[in-house]
Trainee: 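Right, I'll just put the structure down here and ask away after.
No hydrogens, no waters, no symmetry mates; every other heavy atom, side chains included, goes into these values. Residue numbers begin at 1 in each chain, while the letters A, B, ... track the order of the sequences.
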Amino acid sequence: MKKKMIFSEFFRNNGLGMGSLLIALVGFWLIFLIVLPQLSMLDYSFRFNLPPAEQGGPKDFYTLSNYEHLLYGSDQTHQTYNSVDLMVFVRTIIAAMLVTLFNIVLCYPLAYFLGQSKGSGFVRLLVVLLIIPYWINEILRAFALRIIFGESGLLNEALMFMHLIREPIDFIRQDIALYAGLGYAYILLMLFPMYNVIESLDRNQIEAARDMGASWIQIHRRIVIPHAKPGIVSGATMVFMLTAGALAAPQILGGPSSLWFTQLVYQWFNDSLNWQQGAAYAIVLLASTIVIVLTVMRIFKVNMGDIGK
Amino acid sequence: MSSGVAVDLENLWIRFGDFVAVRDANVAINGGDFFSFLGPSGCGKTTILRSVSGFLEPSEGTVRIGGRDMAGIGPNKRPTALIFQNLALFPLMKVWENISFSMEVAGVSAGERRKRADELLDMIALEGQGDKMPSELSGGQKQRVAIARALCANPDVLLLDEPLSALDLKLRQHMRTELREIQQRVGITFIYITHDQGEALTMSDNVAVMKGGVIDQIDTGHDIYDHPATPFVASFVGETNVFRGKISRIDGNQALISTNRSGDLLARITPTQVGKMSVGDDAMMFIRPEALQLGEADASAKTTISAGTVNEEFEGNSFSVFLEGDGGKSIKMSVPNVGQDNISVRGKDLSLHYDANNAIMMPAGELASD
Ligand SMILES: Nc1ncnc2c1ncn2[C@@H]1O[C@H](COP(=O)(O)OP(=O)(O)OP(=O)(O)O)[C@@H](O)[C@H]1O
Ligand SMILES: [Mg+2]
């Protein structure tokens with residue numbers, strides 16, 4: 001009933017021809033670019049990696065073996081776990097969480113400052129300066145960081161010049177570059193939702209709380225953070241999902257020993273040409289991150305509607 | 001009544017860059033008074049209030065609360081509570097949490113807070129509504145919650161920034177009475193800001209009338225209405241008729257003004273100007289619509305105005321008659337409706353007279369723009 005009304009109004013506003021075209025385009029996007037590829041990934045993940053001749057033959061039936069491989073590796077008896085891949089998985093999830101947390105802590109004061117010092121020219125300039133680096137391709141940005149963090153890179157040179165260190169620090173091998181790169185990669189997606197909600201907070205509420213004797217910490221805990229919660233959760237969701245699924249930063253900035261779970265997926269697809277196995281790994285990552293996000297939203301009592309705002 | 005805490009502003013200047021928002025304000029507010037600042041939009045009322053509450057440091061001068069200099073003392077440390085122009089209730093907290101927020105930040109236990117909130121809810125006639133969210137309340141109820149929230153901190157001085165401006169007329173009039181009652185019950189000093197003269201006159205012990213950052217007059221509502229100190233106050237507070245001209249004679253506390261259209265008119269000089277005006281000065285005379293009466297006075301009394309009528313309006317409790325006045329402005333006269341038939345006077349020439357004691361003379365000056 002309500003849907004019908006939305007549609008009739010939509011057609012009234014856009015005309016039948018234009019309206020149908022818009023709906024067709026959105027439908028194309030949803031179905032061909034999102035739903036079908038995901039479904040075929042799901043389908044792949046339950047199949048064996050067979051030579052083309054055997055596909056569709058008697059050996060081509062659904063199986064859980066790709067998922068079992070993540071758990072037990074090549075051990076058919078299921079006696080030992082596939083500890084290498086599982087460790088990578090757990091490490092990826094935990095690291096993505098930490099990166100998200102780091103982003104929240106870093107962005108909150110900045111978003112508060114930007115959001116509450118409304119519309120001054122300086123603030124607008126600051127926002128533009130924050131955006132400009134993101135005009136550059138993600139991979140180039142990662143390489144730029146690699147140059148900064150390299151053994152004879154900008155950072156090491158500067159630290160040595162100031163005599164803070166005597167020998168260059170190997171930021172890459174110690175994964176410092178990796179985490180810095182991941183932390184930087186999606187930080188704007190944390191900053192802007194937070195900035196938007198904090199900007200919509202009535203200044204008088206802060207002053208009212210202050211007038212009633214609240215300290216700065218109490219004002220943030222009771223007034224600003226509850227108000228900003230949907231923005232924080234929406235930013236955190238995006239940063240967490242994208243960080244857990246990042247590939248460029250781990251490829252370029254990761255040390256030789258550090259593997260990100262997406263790199264395993266990439267190897268299955270690209271090096272081993274086992275798309276079925278890669279699809280299973282990718283599905284596990286996707287499903288786990290969705291479950292984690294939903295759980296966190298449940299814990300912090302935020303629903304989907306709030307996030308879409 | 002003088003049990004409350006006094007507030008004093010001494011030589012208070014507040015500047016924003018080059019702009020002077022408050023110019024040399026001197027105000028002594030007695031403890032326990034209901035004191036109002038009255039003035040048009042943008043005259044600096046909120047600015048004064050913010051300097052009392054501590055959100056704004058004055059550029060010059062002193063704010064004293066209970067005799068104590070407040071310089072350098074933040075809003076959370078002052079014995080004041082501010083009710084904001086838009087109330088600023090916390091939308092994500094329940095009503096009782098809103099009311100007891102000042103206790104929460106002071107670390108009082110939830111049980112005690114709830115008890116105090118319920119007492120205050122009783123006082124504002126919202127028993128049992130503590131568990132609602134602010135968005136579930138009506139405008140007048142929100143208003144009362146904001147008052148309870150401010151009173152919960154037991155402030156010595158309550159500051160109210162046009163808290164009734166968002167309400168409709170009926171509710172506003174009801175809340176006036178209620179505010180006054182609350183003030184008398186709690187016995188603390190109220191500083192009230194408004195651009196509505198009705199509010200200021202009905203509720204206040206004393207009123208300060210402001211224009212463009214300057215305080216023109218501080219007096220009781222009655223004295224402001226009857227003895228305005230400046231043309232601005234005379235024309236801003238209540239309705240009045242203005243006659244411009246030059247002083248042609250001065251007689252003790254009375255003066256004669258010669259006007260273009262209405263001839264020589266006699267009036268009492270406003271108290272602050274007695275002895276300060278001289279013959280030939282540009283002057284203004286003010287008469288309230290209700291001080292004009294139909295009929296002619298003794299010609300020697302110089303208190304008769306003759307003019308053609310241009311319009312009349314029925315206003316329920318009175319008839320308003322408009323006559324041709326100086327400079328295209330009409331003279332308004334109000335005749336109480338005491339059961340007589342509609343006096344149809346349109347187009348006729350009328351003579352009006354008044355008591356010279358009810359007309360006020362003062363040096364010409366800026367009027368409130370209407
Ligand atoms: N932070 C500020 N910076 C610059 N000018 C300001 C600032 N705050 C107020 N002003 C100016 O000071 C003057 C007085 O403002 P104020 O808010 O005190 O007016 P008001 O009397 O409360 O008016 P209203 O009835 O509309 O609320 C206005 O002209 C305003 O533009
Ligand atoms: Mg104001």
Trainee: Check whether any side-chain N or O of A:Asn204 sits under 3.5 Å from a backbone N or O of B:Ala88 as a donor-acceptor pair, and report yes or no.
Mentor: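 Side chain of A:Asn204 to backbone of B:Ala88: no pair is present.
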
Trainee: If you draw a 6.0 Å radius around CZ in B:Arg68, do more than 12 non-hydrogen atoms from other residues or ligands fall strictly inside?
Mentor: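 Not more than 12 within 6.0 Å, no.
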
Trainee: Heavy-atom pairs under 4.5 Å with chain A - which of B:Ser53, B:Ala150, B:Pro91 has more of them than the others?
Mentor: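 Among the listed options, the one with the most contacts to chain A is B:Pro91.
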
Trainee: Could you pull out the closest heavy-atom pair between A:Ala214 and B:Val105, with the gap in Å?
Mentor: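 Minimum heavy-atom separation between A:Ala214 and B:Val105: CB-CG1, 3.6 Å.
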
Trainee: Sort A:Arg222 into side chain, backbone, both or neither according to what part of it lies under 4.5 angstrom from a heavy atom of chain B.
Mentor: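 When you check distances to chain B, atoms from both the backbone and side chain of A:Arg222 fall under 4.5 Å.
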
Trainee: Select one option (side chain, backbone, both, neither) describing which atoms of B:Leu89 are under 4.5 Å from chain A's heavy atoms.
Mentor: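 B:Leu89 touches chain A through backbone heavy atoms alone.
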
Trainee: B:Ser102, B:Ala153, B:Ala106, B:Cys152: which one forms the most heavy-atom pairs within less than 4.5 Å of chain A?
Mentor: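 The option with the most such pairs is B:Ser102.
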
Trainee: Check whether B:Leu82 gets within reach of chain A through its side chain, its backbone, both or neither, counting any heavy atom under 4.5 Å.
Mentor: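 Both parts, backbone and side chain.
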
Trainee: Considering residues, nucleotides and ligands other than A:Arg298, do more than 12 of their heavy atoms fall under 6.0 Å from its CZ?
Mentor: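 No, CZ of A:Arg298 has 12 or fewer neighbouring heavy atoms, counting only those of other groups under 6.0 Å.
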
Trainee: For A:Tyr184, look at atom OH and say whether over 12 heavy atoms of other residues, nucleotides or ligands are found less than 6.0 Å away.
Mentor: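 Atom OH in A:Tyr184 is packed in, count exceeds 12.
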
Trainee: Answer yes or no: are there more than 12 heavy-atom neighbours, outside B:His195 itself, under 6.0 Å from its atom NE2?
Mentor: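 Open.
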
Trainee: Select, from A:Glu207, A:Gln218, A:Gln205, the one with the greatest count of heavy-atom pairs under 4.5 Å involving chain B.
Mentor: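 If we count pairs closer than 4.5 Å to chain B, A:Glu207 comes out on top.
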
Trainee: Please state whether the side chain, the backbone, both or neither of B:Phe84 comes within less than 4.5 Å of a heavy atom of chain A.
Mentor: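 Only the side chain of B:Phe84 comes within 4.5 Å of chain A.
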
Trainee: Once you round to the nearest 0.5 Å, how far does CD1 of B:Ile83 lie from CG of A:Asp211?
Mentor: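 Rounded to the nearest 0.5 Å, the CD1-CG separation comes to 10.0 Å.
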
Trainee: What residue, out of B:Arg78, B:Arg149, B:Lys77, has the most heavy-atom pairs lying under 4.5 Å from chain A?
Mentor: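 Looking at each of B:Arg78, B:Arg149, B:Lys77 in turn, B:Arg149 comes out on top.
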
Trainee: Determine the minimum heavy-atom distance between B:Phe55 and A:Arg210, stating which atoms define it.
Mentor: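 It is CD2-NH2, 3.6 Å.
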
Trainee: So which of B:Met93, B:Met103, B:Glu97 has the largest heavy-atom pair count under 4.5 angstrom toward chain A?
Mentor: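 Among B:Met93, B:Met103, B:Glu97, the one with the most close pairs to chain A is B:Met93.
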
Trainee: Just wondering, more than 12 heavy atoms not from A:Leu164 lying within 6.0 Å of its CG?
Mentor: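 More than 12 heavy atoms, drawn from other residues, nucleotides or ligands, come within 6.0 Å of this atom.
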
